[in-house]
Undergrad: 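Please see the structure below; I have some questions.
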Amino acid sequence: MKRSVVRFFLSVVALSTLAACDDGTNVSDTARIRVLLTDAPSDYIASAMVDIGSVELLPAGGGERVVLTDDGTDGEVDLLDLQGLTTELLADLEIPSDTYVQMRLIVESASVMLADGYEFNSGGKTAELTVPSGAQTGIKLNLREDEEGDEESAGVQIAGGETVLVVDFDVNQSFRIQGSPETPAGISGVSFRPTLRVVVEDVAGSISGELSTSITGQSLEGIVVNAGPVDPGVDEEFQSSMAGGMSDANGAYTIFFLAPGSYNVTVETPDEVTTEPLSTEVIVGESEDVTGVDFELVPVSG
């Protein structure tokens, strides 16, 4: 299955004004936050329906959680309708300026419909999925400025100027086909385990390159290229530090929304195929777009 990624964009714009009490006393800065949702396609799945409930931010020091919304998607939304620059608004409100160390969101339900040409071995193309109890009570996503994972990078300061948090929802890893349409047993079901990561867009960079091959008949389209941090921080249960991109028909790929740090870049190759080099270590600086990270697909020797 090809990788599919959902992105929540949390745009926080500082208003540069102070909230005041009736007596004119300045109380606190405020910032405006917007939460949007977008996605990309998948091979075997025609629709991936998810109902997102509350979305909250936890300030540093264990203060009271800031509720961004109690009903993020207002019912089910098809993640696969949200492709390219198409987005879904989840929340739009002002919040106190502060340093926030964790996001929590609740997934209330999920269902899938298989793509044309595929069906479950029990018959039919649709299935209601079981949401893990942890996702029902709240998926915790630690916030940090970079991928080094040290204490100094913990949390994101939301105050003054504009801050954008991006949450990648890896649909390929979250919706896993059980069985295979290539075998007589077919597809027995789909398991659902939300897999997400979060990064500050303002400092995020990207990695791009091209895949090539001299293997006859080997397609370069739809191959997943992954970037995993060399020194990842501590992740919560449903949180991932892995980012990925998918190659086009010419073998070009881009992995977006990478926090500053060092990454190992690898390619998910088809059976009997490997790459030269096997992996490449890449350093992504603040807001840096690293290009020319190329791989050649070659037959497995032996």
Side-chain angles (χ1 to χ4, degrees), residues 1-9 35-56 68-83 86-91 103-141 166-198 222 224 226 235-244 246 268:
M1 189 193 307
K2 296 178 184 176
R3 180 179 302 275
S4 182
V5 175
V6 179
R7 298 186 180 98
F8 296 78
F9 295 82
V35 186
L36 305 178
L37 178 68
T38 190
D39 188 34
S42 178
D43 267 354
Y44 299 145
I45 298 176
S47 68
M49 308 295 293
V50 169
D51 187 357
I52 297 172
S54 69
V55 181
E56 305 172 350
L68 306 181
T69 177
D70 286 322
D71 193 4
T73 54
D74 190 22
E76 287 192 328
V77 60
D78 187 352
L79 301 179
L80 299 186
D81 280 344
L82 307 176
Q83 301 176 21
T86 304
T87 59
E88 175 85 7
L89 180 67
L90 298 182
M103 178 190 299
R104 175 179 288 185
L105 59 86
I106 290 177
V107 178
E108 297 182 340
S109 67
S111 62
V112 295
M113 181 173 68
L114 298 180
D116 289 343
Y118 302 104
E119 66 175 26
F120 294 107
N121 56 18
S122 58
K125 300 176 67 67
T126 62
E128 297 290 329
L129 305 181
T130 300
V131 179
S133 59
Q136 295 175 9
T137 57
I139 295 174
K140 302 174 183 177
L141 301 173
V166 180
V167 179
D168 275 2
F169 194 136
D170 190 329
V171 175
N172 183 55
Q173 295 300 313
S174 299
F175 297 82
R176 301 301 299 266
I177 293 291
Q178 297 175 315
S180 171
E182 312 302 327
T183 66
I187 299 174
S188 60
V190 176
S191 63
F192 178 61
R193 187 182 187 279
T195 304
L196 307 93
R197 70 184 185 95
V198 61
V224 174
N226 291 316
D235 290 331
E236 295 288 343
E237 180 182 3
F238 298 102
Q239 186 171 10
S240 172
S241 298
M242 185 72 68
M246 191 186 304
E268 293 186 13

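Residue numbers start at 1 and run along the sequence shown.
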Undergrad: If I take atom CG from residue L141 and atom CD from residue E236, how far apart are they, to the nearest 0.5 angstrom?
TA: 8.0 Å
Undergrad: Sequence neighbours left out, what passes side chain to side chain contact (heavy atoms under 4.5 Å, CB included) with D74? Give chain and number order.
TA: D71
Undergrad: Under the side chain to side chain contact (heavy atoms under 4.5 Å, CB included) test, which residues partner E76, sequence neighbours left out?
TA: M49, D51, S109, S111
Undergrad: Under the side-chain contact (heavy atoms from CB on, under 4.5 Å) rule, what do V107 and F238 come out as? Steps first, then yes or no, please.
TA: CA-CA 12 Å; V107 178; F238 298 102; over 6 Å; no
Undergrad: Would you say that L114 contacts I177 through its side chain, given a criterion of any heavy-atom pair below 4.5 Å between the two side chains?
TA: yes
Undergrad: Partners of S180 by side chain to side chain contact (heavy atoms under 4.5 Å, CB included), sequence neighbours excluded?
TA: E182, T183
Undergrad: Measuring from Q136:CD to T130:OG1, what's the distance to the nearest 0.5 Å?
TA: 8.5 Å
Undergrad: I need the L105 CG to L68 CG distance, nearest 0.5 Å.
TA: 10.0 Å
Undergrad: Are any non-hydrogen side-chain atoms of E237 and R193 less than 4.5 angstrom apart?
TA: yes
Undergrad: Please report the shortest heavy-atom distance between Q239 and K140, naming the atom on each side.
TA: OE1-O, 4.0 Å
Undergrad: For Q178 and S191, work out which heavy atoms get closest and say how close.
TA: NE2-CB, 3.7 Å
Undergrad: Pairs under 3.5 angstrom only: tabulate donor-acceptor contacts from the side chains of residues 119-127 to other protein residues two or more places apart or in another chain.
TA:
residue : atom : partner : partner atom : Å
N121    : ND2  : A185    : O            : 2.9
K125    : NZ   : A115    : O            : 2.8
K125    : NZ   : Y118    : O            : 2.6

Undergrad: Write down the atom of T73, the atom of V50, and the distance for their closest heavy-atom approach.
TA: OG1-O, 4.0 Å
Undergrad: Please report the closest heavy-atom contact between D235 and S240, naming both atoms and the distance.
TA: OD2-C, 3.8 Å
Undergrad: Under a 3.5 Å distance rule, please check whether D78 uses its side chain to pair with a backbone N or O of A48 as donor and acceptor.
TA: yes
Undergrad: Identify the two heavy atoms, one from N226 and one from G244, that lie closest to each other, and give their separation to 0.1 Å.
TA: OD1-CA, 3.9 Å
Undergrad: Which pair of heavy atoms, one from A135 and one from P194, lies closest together, and at what distance?
TA: CB-CG, 4.0 Å
Undergrad: Kindly write out the residues that satisfy side chain to side chain contact (heavy atoms under 4.5 Å, CB included) with S54, not counting sequence neighbours, or none if the list is empty.
TA: E56, D70, I106
